[in-house]
Amino acid sequence: MHAKMRLKKDLFQFKEMSNSGFLLLLGGLLLFSCNRTTQKKNIFHYNESSGVASLDPAFAKSQSVMWTAHQLFNTLVEVDEDMNIAPSLATRWDISADNLTFTFHLRSDVFFHDNEAFPGGKGRRMTAHDVAYSLSRIIDPQTASSGAWIFNNRVDTVQPFKALDDSTFQLRLLRPFHPILGVLSMQYCSVVPKEVVDKYGKDFRRHPCGTGPFQFVAWEEGQALIMKKNPHYFEIDSAGTQLPYLDGIKVTFVENKATEFLEFEQQRLDFINDIEASFKDEILTRGGELRKDWKGKIILQKHPYLTIEYLGILQDTTREVVRKSPLRDVKVRQAINYGFDREKMMLYIRNSIGTAATSGFVPLGFPSFDSTKVKGYHYDPVKALSLLKEAGYPNGEGLPPIPLLTIAIYADLASYIASDLRQIGIHINVEVVQKSLLLEQTAKSEALFFRGSWIGDYPDAENFLSVFYGKNPAPPNYTRYNNPAYDRLYDKALSEKDDSLRYIYYREADQLMIRDAPVVPLWYDMVIRLVQPYVKNFHPNSLNLLELRRVRLED
């Protein structure tokens with residue numbers, strides 16, 4: 001059967017079990033040829049060029065799965081627009097004096113979406129037992145969740161998750177780890193109903209059921225995904241109006257980014273995420289603003305993204321490749337950091353998409369970020385030459401060429417850095433390899449000097465600082481950095497309840513590591529979106545989550 005015909009069949013089968021009449025609203029949306037003047041106007045359209053691997057939040061490893069999970073499910077806590085932890089399914093929580101027990105008090109007005117697994121097909125009330133089941137499911141080997149790592153060596157090994165009663169859930173830790181609240185905001189921790197998971201088994205990936213603002217209608221892989229408004233959603237706005245405002249969401253899966261942009265240009269998509277490198281110069285100026293031909297036609301949104309791009313330098317001196325390399329000397333590593341112009345690199349290579357990383361490893365967007373207190377590296381060739389001289393390599397004399405491993409899409413950036421460093425006598429040989437090989441070599445501590453990136457999993461700077469914790473393996477500690485003073489600050493931060501004090505420890509640890517220079521920070525990334533002018537209340541955030549609860553589409 002043709003893919004579009006199968007999707008229509010799924011939709012009409014869904015209509016038989018639904019009284020909402022929503023499918024009548026979706027009638028013309030399955031054809032890609034319609035534009036905004038002919039399609040129904042309260043359906044949000046976006047494209048996911050990478051596809052969606054699963055609709056089960058236990059496998060919310062990629063951005064595409066996170067985005068859909070955020071529409072279909074809720075978590076105990078969530079992240080507000082300022083990257084602070086806010087209530088969601090839990091209204092409040094208590095922390096024991098020893099920082100090991102977190103007790104969450106839940107809302108009593110939350111219901112799962114209607115599903116055949118429930119008596120009469122009607123969604124039942126969500127309870128603390130569902131929370132305990134959902135989190136236990138993540139660490140159950142039978143689930144094989146890609147998110148099992150989030151609780152590794154963090155939660156109690158006997159009974160980490162417990163429902164004290166229907167409205168009270170308790171989590172126990174092995175040792176103090178205050179960032180657990182950020183972990184609980186991840187899509188992996190979405191609450192799901194056991195009856196529906198049991199009914200569908202592994203096929204829950206195609207039959208999701210949660211408590212979120214939208215509920216599943218149909219999914220034809222490679223074609224389209226349809227979600228509709230949850231009529232029983234618990235959230236209201238400040239005026240008492242029930243959320244969400246949209247009637248539904250349609251996701252398409254066009255792989256070609258040029259085709260995706262054409263769809264957007266013809267108003268068949270309400271926004272696109274990121275700008276393909278091949279045509280960014282046609283849309284953006286060097287300064288990262290819209291070119292005049294596009295002003296007034298589309299909206300450019302930019303926002304700090306919890307991501308850093310960097311070059312890593314292996315520190316494990318038990319490795320011969322490190323012992324024989326000039327990079328074992330901190331002064332050489334610092335010289336590299338001072339020896340190229342990040343600001344110019346961002347302007348000419350990146351069209352100013354992102355911010356030059358002249359502070360620490362923790363990027364813009366975190367409440368703890370403070371560039372006045374964590375001082376990184378800026379372009380200073382005189383300082384770089386002075387450091388080389390102190391290291392025994394005046395003007396780079398006697399310094400052997402240093403190989404830098406990168407992947408094809410970053411080859412131009414690596415070449416730019418190599419060109420700048422050549423001016424002060426540091427010769428970098430850029431070696432382009434397959435991404436799989438780079439990941440393998442960094443995981444095995446075989447890459448001496450390599451291109452890397454780190455994307456925040458949850459809104460706590462600990463997630464970035466864990467990359468340098470001496471007791472962590474690779475991943476995440478790809479450089480094998482090991483400094484006992486750093487580890488003490490890291491441990492101290494994890495047990496601190498007071499955010500302001502914890503942020504101080506984070507900054508001190510970040511500054512200490514930056515001075516040791518196991519990495520060369522390049523830039524803090526940026527969420528960049530092109531949005532149709534009629535899309536209102538659509539705001540980017542530092543996690544680049546797709547937030548649609550308060551979005552309106554206006555004529």
Side-chain angles (χ1 to χ4, degrees), residues 6-7 9-11 13-14 16-18 48 50-76 88-89 110-151 161 163 169 184-230 232-233 248-251 253 546:
R6 284 199 300 269
L7 183 55
K9 181 180 177 182
D10 288 345
L11 286 169
Q13 286 175 341
F14 187 89
E16 293 298 315
M17 54 181 273
S18 172
E48 186 51 73
S50 62
V52 174
S54 175
L55 299 178
D56 183 343
F59 300 92
K61 182 179 181 179
S62 65
Q63 183 184 81
S64 61
V65 180
M66 292 178 196
W67 279 11
T68 53
H70 192 54
Q71 317 312 320
L72 297 167
F73 302 93
N74 293 103
T75 47
L76 279 173
S88 182
L89 295 178
V110 180
F111 288 81
F112 287 111
H113 304 151
D114 293 347
N115 192 280
E116 288 180 333
F118 299 125
K122 298 296 182 183
R124 65 163 173 80
R125 187 167 72 89
M126 186 275 303
T127 72
H129 301 279
D130 297 305
V131 180
Y133 165 75
S134 300
L135 300 188
S136 298
R137 178 175 176 254
I138 298 172
I139 60 176
D140 185 347
Q142 294 296 315
T143 306
S145 168
S146 54
W149 65 271
I150 66 176
F151 293 125
F161 313 119
F169 167 76
L184 292 173
S185 73
M186 297 174 68
Q187 276 62 55
Y188 283 129
C189 298
S190 299
V191 176
V192 301
K194 185 176 187 299
E195 305 97 302
V196 182
V197 176
D198 287 347
K199 176 179 173 61
Y200 294 106
K202 291 185 177 179
D203 210 31
F204 183 69
R205 67 178 289 276
R206 291 192 54 85
H207 298 274
C209 179
T211 60
F214 298 92
Q215 63 189 71
F216 175 72
V217 175
W219 176 31
E220 183 62 44
E221 296 185 51
Q223 296 297 320
L225 167 66
I226 306 293
M227 293 172 273
K228 71 172 184 177
K229 177 177 182 174
N230 174 8
H232 308 297
Y233 190 57
I249 303 168
K250 179 191 175 187
V251 188
F253 303 110
L546 185 64

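For this chain, numbers begin at 1 and follow the sequence in order.
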Peer 1: Identify the heavy atoms of Ser54 and Arg205 that sit nearest to each other, and give their distance.
Peer 2: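 Scanning both residues, the minimum pair turns out to be OG-CB, 3.2 Å.
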Peer 1: Would you say Phe216 and Asn115 make side-chain contact, with heavy atoms under 4.5 Å?
Peer 2: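 Contact flag for Phe216/Asn115 side chains = no.
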Peer 1: Looking at Ala69 and Pro57, what are the two nearest heavy atoms and their distance?
Peer 2: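 For Ala69 and Pro57, the tightest heavy-atom pair comes out as CB-CB, 4.3 Å.
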Peer 1: Over all heavy atoms of both residues, which pair between Cys209 and Phe112 is shortest? Give the atoms and the distance, please.
Peer 2: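 Shortest heavy-atom separation between Cys209 and Phe112 comes out as SG-CB, 4.3 Å.
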Peer 1: Would you say Val52 and Trp219 make side-chain contact, with heavy atoms under 4.5 Å?
Peer 2: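 With C-beta onward as the side chain, the pair touches.
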Peer 1: Which heavy atom in Gly212 sits nearest to a heavy atom in Asn230, and how many Å separate them?
Peer 2: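 Closest approach of Gly212 to Asn230, heavy atoms only: O-ND2, 2.9 Å.
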Peer 1: In terms of the angle between their ring planes, are His207 and Tyr200 parallel, tilted or perpendicular, with boundaries placed at 30° and 60°?
Peer 2: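 His207 and Tyr200: parallel rings.
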Peer 1: Starting at CG of Leu72, measure out to CG of Leu55 and round the result to the nearest 0.5 Å.
Peer 2: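 Rounded to the nearest 0.5 Å, the CG-CG separation comes to 6.5 Å.
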Peer 1: Could you please spell out the steps behind the side-chain contact (heavy atoms from CB on, under 4.5 Å) verdict for Lys250 and Ile226?
Peer 2: CA-CA 5 Å; Lys250 179 191 175 187; Ile226 306 293; 3.6 Å; yes
Peer 1: Before giving the answer on side-chain contact (heavy atoms from CB on, under 4.5 Å), spell out for Phe204 and Thr143 the whole-Å C-alpha distance, their side-chain angles and the decisive distance to 0.1 Å.
Peer 2: CA-CA 11 Å; Phe204 183 69; Thr143 306; over 6 Å; no
Peer 1: Which residue in the set Arg137, Lys194, Arg125, Arg124 passes salt bridge (charged side-chain N to carboxylate O under 4.0 Å, His left out) when paired with Asp130?
Peer 2: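 Passing option: Arg124.
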Peer 1: OH/Tyr188 to OG/Ser146 distance, rounded to the nearest 0.5 angstrom?
Peer 2: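 Output value for this atom pair is 3.0 Å.
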Peer 1: Minimum heavy-atom separation for Ser145 and Ile138, please, with both atom names.
Peer 2: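 Closest approach of Ser145 to Ile138, heavy atoms only: CB-O, 3.5 Å.
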Peer 1: Determine, using ring centers only, whether Phe161 and Phe151 are less than 6.0 Å apart.
Peer 2: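 That pair passes the under 6.0 Å test.
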Peer 1: Report the residue from Val251, Thr68, Leu225 that forms a side-chain contact (heavy atoms from CB on, under 4.5 Å) with Glu48.
Peer 2: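 Single side-chain contact (heavy atoms from CB on, under 4.5 Å) partner of Glu48 among Val251, Thr68, Leu225: Val251.
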Peer 1: Rounded to the nearest 0.5 Å, what separation is found between the CE atom of Met66 and the NZ atom of Lys61?
Peer 2: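 One gets 10.0 Å once the value is rounded to the nearest 0.5 Å.
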Peer 1: Do Val197 and Tyr133 make a side-chain contact, defined as non-hydrogen atoms from C-beta onward lying under 4.5 Å apart?
Peer 2: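 Yes - at least one pair of side-chain heavy atoms lies under 4.5 Å apart.
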Peer 1: To the nearest 0.5 Å, tell me how far Ser88 OG sits from Leu184 CG.
Peer 2: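 Reported value, rounded in 0.5 Å steps: 11.5 Å.
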Peer 1: Any side-chain to backbone donor/acceptor pair from Thr75 onto Cys189? Under 3.5 Å, distance only.
Peer 2: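 No; zero donor-acceptor contacts below 3.5 Å.
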Peer 1: Look at the side chain of Ser134 and the backbone N and O of Val192, then say whether any donor-acceptor pair between them is shorter than 3.5 Å.
Peer 2: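 The answer is yes, because a donor-acceptor pair under 3.5 Å joins these two groups.
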Peer 1: Any side-chain heavy atom of Gln187 within less than 4.5 Å of one from Phe73?
Peer 2: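 No, every pair of side-chain atoms sits at 4.5 Å or beyond.
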Peer 1: Given Asp56 and Lys202, is the side-chain contact (heavy atoms from CB on, under 4.5 Å) satisfied, shown in steps?
Peer 2: CA-CA 9 Å; Asp56 183 343; Lys202 291 185 177 179; over 6 Å; no
Peer 1: Give me the atom names and distance for the closest heavy-atom approach of Phe253 to Glu220.
Peer 2: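 Between these two residues, the closest heavy atoms are CE1-O, 4.2 Å.
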Peer 1: Can you confirm whether Met126 sits close enough to Val131 that some side-chain heavy atom of one is under 4.5 Å from a side-chain heavy atom of the other?
Peer 2: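 They are in side-chain contact.
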Peer 1: Answer whether the closest heavy-atom distance between the side chains of Lys122 and Asp114 falls below 4.5 Å.
Peer 2: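 A side-chain contact under 4.5 Å exists here.
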Peer 1: Determine the sole option in His113, Gln71, Lys229 for which the side-chain contact (heavy atoms from CB on, under 4.5 Å) test with Gln215 is passed.
Peer 2: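 Single pass found, and it is His113.
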